[in-house]
Amino acid sequence: MAATAHMTLEEIRKGLSWRKQLDKLFIAIGMALLFGCLAILAILFFDLVRDGSSRFGWDFFTSFPSRKAENAGILSAAVGTMLIMVVTALVALPVGVAAAIYLEEYAPKNWFTGIIEINVTNLAGVPSIIYGLLALGLFVYQFNFGQSVLTAGLTLALLILPIVIVATRESLRAVPKAIREAAYGLGATRWEVTKDHVLPYSTGGILTGLILGLSRAIGETAPIITIGALSFIAFLPPSPVTGEFPFLNFEWLRSEFTAMPIQMFNWVSRPDQAFQANAAAAGAILLGMTLAMNAVAIWIRYRFRKKISW
Amino acid sequence: MQGEIRAQGSDTPSLSIVMEDRKTTRANPAKAAAEKLNFWYGSNQALKNINLVIPEHQVTALIGPSGCGKSTFLRCFNRMHDLQADTKYEGAITLRPDNVNLVGPETDPIEVRMRIGMVFQKPNPFPKSVFENVAYGLRLRGINNKTELAERVEKALRGAAIWDEVKDRLNDSALALSGGQMQRVCISRALATEPEILLFDEPTSALDPIATAKIEELITELRQRVTVLIVTHNMQQAARVSDFTAFMYLGELVEVDATSKIFTNPAKKATEDYITGRYG
Amino acid sequence: MTQGKTQMAQGAFASLHYRKTRDRIIEAILLSAGLVAVFTTVAIVFILFYESSYFFEHVSVKDFLTDTMWTPLFADARYGILPLVSGTLTVTGVAILVAIPVGTIVAIYLSEFAPHRLRETVKPVLELLGAVPTVVYGYFALLAVTPLLQKVWPDLPGFNMLSAGLVIGLMIVPYVASVSEDAMRAVPKYMREGSYAMGATKLQTALRVVVPGAFSGLAAAYILGISRAVGETMVVAIAAGMMANLTFNPTEPAATITAYIVQVSLGDLPHDSIGYQSIFAAGLVLMLMTLVLNVIGFFLTRRFREAY
């Protein structure tokens with residue numbers, strides 16, 4: 001007599017308890033998978049640290065590669081990676097943010113914008129090694145940039161461009177329409193609305209996107225191998241800062257280089273067990289750098305999320 | 001059976017207000033009654049000692065200025081506040097005839113929501129076909145028989161006076177409909193499971209006047225089938241669709257009476273001020 | 001008074017003209033940044049076709065697509081891409097069998113069930129899993145997962161596609177989970193309220209309303225995941241072996257397209273040899289495979305996208 005015409009209260013309750021059991025079962029499965037994944041991450045990290053522990057020491061950071069595992073170090077690789085990241089960030093940030101602003105705030109809805117959108121979506125899915133082939137054909141063969149820091153930096157910048165664009169667009173989109181309308185209502189032009197309101201509110205998302213992009217770039221091995229990075233470099237690129245006017249030197253852009261992931265790959269693919277300790281140590285450092293960058297990105301995102309809530 | 005319900009309903013003190021006024025509107029027995037209901041968002045008390053009887057098969061309107069707690073009160077009836085952390089109920093909303101306390105901690109919110117339907121301020125159809133939207137609640141209840149689904153969906157759509165408009169597009173996305181149509185699909189969705197009470201939270205505030213008129217007409221018809229509780233911003237709307245009107249202010253229930261009485265001869269000064277547009 | 005007003009209006013007008021011009025210039029600059037994406041795509045296509053044309057002058061397209069041997073580095077060079085494709089597909093198959101179910105369940109759990117605090121803490125940590133450099137995952141596959149699998153199957157070779165596929169699957173779980181979770185969270189609250197108000201449980205709301213509502217995002221997540229598995233290089237180059245092998249058996253060693261490109265890039269073949277140029281032909285096939293995936297993903301997304 002109670003409840004809905006076709007279901008008595010008892011029926012409702014019976015069905016409900018079954019449905020709630022399913023909920024609990026799902027929660028158990030979800031948590032098991034989630035924490036399983038996280039446990040693997042922890043195991044991976046401890047594994048690397050343990051295997052590489054014998055190699056951690058000042059010498060490892062200040063030595064060039066060597067034929068003898070116990071003498072080999074990551075100096076040239078670490079410097080190479082840092083210089084590449086500078087180039088990548090300086091190219092990817094302005095281009096990525098500008099492209100995102102265009103697509104999100106300016107682009108009219110027509111076939112042409114559609115093509116740009118499809119391109120960005122597509123580029124995000126292009127395997128990194130294809131970027132390596134692009135760079136080999138374009139920057140190395142056509143533009144004669146050589147197998148240099150500049151080539152590597154540009155390659156990785158193109159590689160992370162979709163990440164920066166997507167992250168920026170997302171954070172631009174998160175700014176409510178009402179804010180834009182409020183600014184337009186006061187007579188602001190589109191650029192003024194963007195610059196004064198939309199961009200400041202989305203700085204967190206943009207920075208997060210850039211750092212996440214760089215953390216992807218720092219570990220990328222395949223495209224750099226493809227452009228022909230050497231794995232045995234026993235010198236450093238020329239210093240970007242000099243004692244004489246104009247105090248800056250861009251020779252380093254044309255220098256040959258090696259990078260952390262290349263160095264690790266080189267070591268891991270050697271049959272000699274001793275080099276595997278080197279690989280583990282280099283891997284632990286690389287992983288540590290990536291995790292640190294991600295931690296910073298997360299912190300920024302968290303800060304901005306807290307500060308602004310719609 | 002009727003007599004039994006009446007007997008249970010009549011021992012609620014607040015009902016006497018309604019009973020006294022039989023000259024203007026004949027009150028049905030109570031379907032639900034709020035008794036000493038208090039509600040908190042965190043430390044902020046949003047409802048203060050609400051006592052209100054909802055008569056069966058009639059339309060009760062909740063009116064009052066913004067922030068008076070009328071929507072908060074409405075959402076207590078199907079425990080929507082439970083979706084948010086840090087909310088607290090005290091007191092009771094008793095559902096007749098089985099006298100379940102809807103806001104009691106022992107009562108399962110999902111069970112409550114299976115018995116009490118709700119239509120929201122903004123039409124919120126699911127990103128599914130019209131048919132699947134209306135069939136949703138039935139499927140939740142384990143009904144998968146095609147013939148039965150089809151019958152009950154049609155019945156619900158007819159019940160919400162939208163069958164003729166959508167019968168040829170049952171498989172189109174509900175999001176392709178107009179705002180008024182979407183809202184009536186949402187009403188059908190709620191009706192399909194034959195709830196005991198149907199809650200309306202400002203159901204026409206996002207709609208144009210013509211769509212609004214249709215929904216209002218529908219609400220007045222719905223009372224044949226279901227008990228209706230409606231929150232509205234629009235006093236004319238309350239006057240047009242409801243049998244009883246409750247005026248709320250600052251989280252308290254100021255006055256409740258037959259709608260005709262509230263709008264012609266309110267007992268309280270605050271009610272009169274609101275009705276005549278002195279604030280709100 | 002009146003005069004002042006007029007002056008202000010004129011000043012405002014002049015500055016408005018300046019502001020509008022500035023807007024147009026900025027728009028052009030922004031547009032050119034957007035065109036970098038178009039340029040990159042065009043350049044990829046052009047370079048791959050241009051550089052592989054030399055290869056196809058010496059190897060017929062028919063041999064390339066139908067020959068079952070890939071031995072460009074041997075004296076008796078054969079150039080059939082099929083073994084590399086089979087290796088790529090096998091590894092990808094293993095990977096998505098791990099990544100799609102795990103990623104989706106984790107995403108539903110995080111988006112619909114996990115307490116707010118847990119989600120906010122765990123999600124970034126999970127994303128770290130996707131940020132680990134792939135060369136590190138390669139190390140993990142070769143030196144941790146394979147030995148572990150060998151305890152179960154003692155006959156498993158040191159290089160095998162199973163271990164590489166499992167690790168790639170694990171690697172793309174965070175991508176799938178994160179993109180799916182974002183998509184599910186983008187489903188508006190009022191949609192969930194509509195479902196809860198009908199008496200649905202969380203799982204019912206998740207599976208019947210949120211997942212369909214987030215379909216475009218889920219499709220995008222899967223496509224992105226598959227595409228990454230197809231193009232993943234370092235894990236396979238380290239753990240799956242470098243020998244082209246026409247098989248779909250994941251317990252065998254086999255080279256993928258990507259692993260082959262790495263092998264040649266590291267070798268000392270002269271740049272103008274056919275062997276070296278074959279990496280562009282292999283890259284072309286890889287690009288076409290991912291392009292097909294991306295196009296399917298794009299149209300799926302557009303077809304099922306619902307405007308909220």
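Here is the naming used below: chain letters follow the sequence lines, and residue numbers restart at 1 for every chain.
Between C/Y260 and C/S278, some side-chain heavy-atom pair lies under the 4.5 Å cut-off. Within the 4.5 Å cutoff, the side chain of A/R216 has no heavy atoms near those of the A/L212 side chain. With contacts defined as side-chain heavy-atom distances shorter than 4.5 Å, the pair A/P261/A/L286 qualifies. Using a 4.5 Å heavy-atom cutoff, the side chains of A/F139 and A/I227 are not in contact. Side-chain contact between A/L41 and C/L126 is absent, with no heavy-atom pair separated by less than 4.5 Å.
Ranked by heavy-atom pairs shorter than 4.5 Å toward chain C, the options A/K20, A/M293, A/M31 are led by A/M31. Contact tally against chain A (heavy-atom pairs below 4.5 Å) for C/D182, C/I108, C/L142, C/V173: the top residue is C/I108. Note on A/D51, A/V126, A/L134, A/L22: by heavy-atom pairs under 4.5 Å with chain C, the leading option is A/L134. Taking A/P94, A/G30, A/A297 one by one and counting their heavy-atom pairs under 4.5 Å with chain C, the maximum is reached by A/G30. Residue with the most contacts toward chain A among C/S32, C/A107, C/A37, C/G231: C/A37 (heavy-atom pairs, distance under 4.5 Å). Ranked by non-hydrogen atom pairs under 4.5 Å with chain A, the options C/V132, C/V38, C/V106 are led by C/V38. Interface summary for chain A: among C/V122, C/T134, C/I257, the most heavy-atom pairs under 4.5 angstrom belong to C/V122. Annotation: maximal heavy-atom pairing with chain C below 4.5 Å, among A/T121, A/V120, A/L138, occurs at A/L138. The candidate from A/I29, A/I43, A/L48 with the greatest count of non-hydrogen atom pairs under 4.5 Å with chain C is A/L48. When each of C/V136, C/L35, C/L110, C/I29 is scored by its heavy-atom pairs under 4.5 Å with chain A, the top score falls to C/V136. No other option in A/P162, A/G283, A/P127 has as many heavy-atom pairs under 4.5 Å with chain C as A/P127.
Smallest separation of non-hydrogen atoms from C/F55 and C/A281: CD2-CB, 3.4 Å. Shown here for C/R185 and C/S111, the closest heavy-atom pair between the two residues is CG-OG, 3.9 Å. Considering every non-hydrogen atom in both C/G225 and C/V176, the closest pair reads CA-CG2, 4.3 Å. Between A/T155 and A/A135 the shortest heavy-atom distance is OG1-CB, 3.1 Å. Contact record, A/A217 with A/I160: CB-CG2, 3.9 Å, taken as the closest heavy-atom pair. Contact between A/P108 and A/Y102 at its shortest, heavy atoms only, is CD-OH, 3.8 Å.
Within the 4.5 angstrom heavy-atom criterion, atoms from both the backbone and the side chain of C/M287 approach chain A. Neither the backbone nor the side chain of A/E220 comes within contact range of chain C; no heavy atom of the residue lies under 4.5 Å from a heavy atom of that chain. Using a 4.5 Å cut-off between heavy atoms, C/I26 touches chain A through its side chain atoms alone. Using a 4.5 Å cut-off between heavy atoms, C/L170 touches chain A through its side chain atoms alone. Contact annotation for C/F113: only side-chain heavy atoms (C-beta onward) come within less than 4.5 Å of a heavy atom of chain A. For C/I226, no part lies under 4.5 angstrom from a heavy atom of chain A. For a residue to count as touching a neighbouring chain, one of its non-hydrogen atoms must lie under 4.5 Å from one of that chain's; by this rule C/I47 touches chain A with the side chain only. Interface remark: C/L31 contributes backbone and side-chain atoms alike to the contact with chain A (heavy atom separation under 4.5 Å). With a 4.5 angstrom heavy-atom cutoff, C/L118 touches chain A only via side-chain atoms. Both the backbone and the side chain of A/R19 come within contact range of chain C, judged by heavy atoms closer than 4.5 Å. With a 4.5 Å cut-off on non-hydrogen atoms, C/Y50 touches chain A through its side chain but not through its backbone. Both the backbone and the side chain of A/L133 come within contact range of chain C, with heavy atoms under 4.5 Å apart. Contacts of C/V102 with chain A are made by both backbone and side-chain atoms, with heavy-atom separations under 4.5 Å. Contacts of A/L123 with chain C are made by side-chain atoms alone, with heavy-atom separations under 4.5 Å and no backbone atom involved. Residue contact with chain A, scored on non-hydrogen atoms closer than 4.5 Å, involves the side chain of C/E51 exclusively. If you measure heavy-atom distances from C/T290 to chain A, the contacts under 4.5 Å come from the side chain alone. Only the side chain of C/Q277 comes within less than 4.5 Å of a heavy atom of chain A; its backbone N, CA, C and O stay farther away. Neither the backbone nor the side chain of A/F45 has a heavy atom closer than 4.5 Å to any heavy atom of chain C. Both the backbone and the side chain of A/L33 come within less than 4.5 Å of a heavy atom in chain C. In this structure, chain C has heavy atoms under 4.5 Å from both the backbone and the side chain of A/I116. With a 4.5 Å cut-off on non-hydrogen atoms, C/L293 does not touch chain A at all.
A donor-acceptor pair shorter than 3.5 Å cannot be found between the side chains of A/Y131 and A/T226.
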Quiz item: For A/E192 and C/R22, what are the C-alpha separation, side-chain angles and deciding distance, and is it a salt bridge (charged side-chain N to carboxylate O under 4.0 Å, His left out)?
Solution: CA-CA 10 Å; A/E192 286 160 344; C/R22 186 183 59 179; 3.0 Å; yes
>> Under the criterion side-chain hydrogen bond (donor to acceptor under 3.5 Å, both in side chains), I'd like the reasoning laid out for A/T194 against A/Y106: C-alpha separation, chi angles, the key distance, then a yes or no.
In response: CA-CA 10 Å; A/T194 308; A/Y106 283 79; 4.6 Å; no
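Under the 3.5 Å distance criterion, the side-chain polar atoms of A/S171 are left unmatched by any main-chain donor or acceptor of A/R169.
Counting non-hydrogen atoms of other residues, nucleotides and ligands closer than 6.0 Å to CZ of A/F35 gives a total above 12. By the neighbour-count criterion of 12 heavy atoms within 6.0 Å, atom NZ of A/K195 is densely surrounded, having more than that number from other residues, nucleotides or ligands.
Comment: A/E105 does not engage A/R190 in a salt bridge, judged by the lack of any side-chain N to carboxylate O separation of less than 4.0 angstrom.
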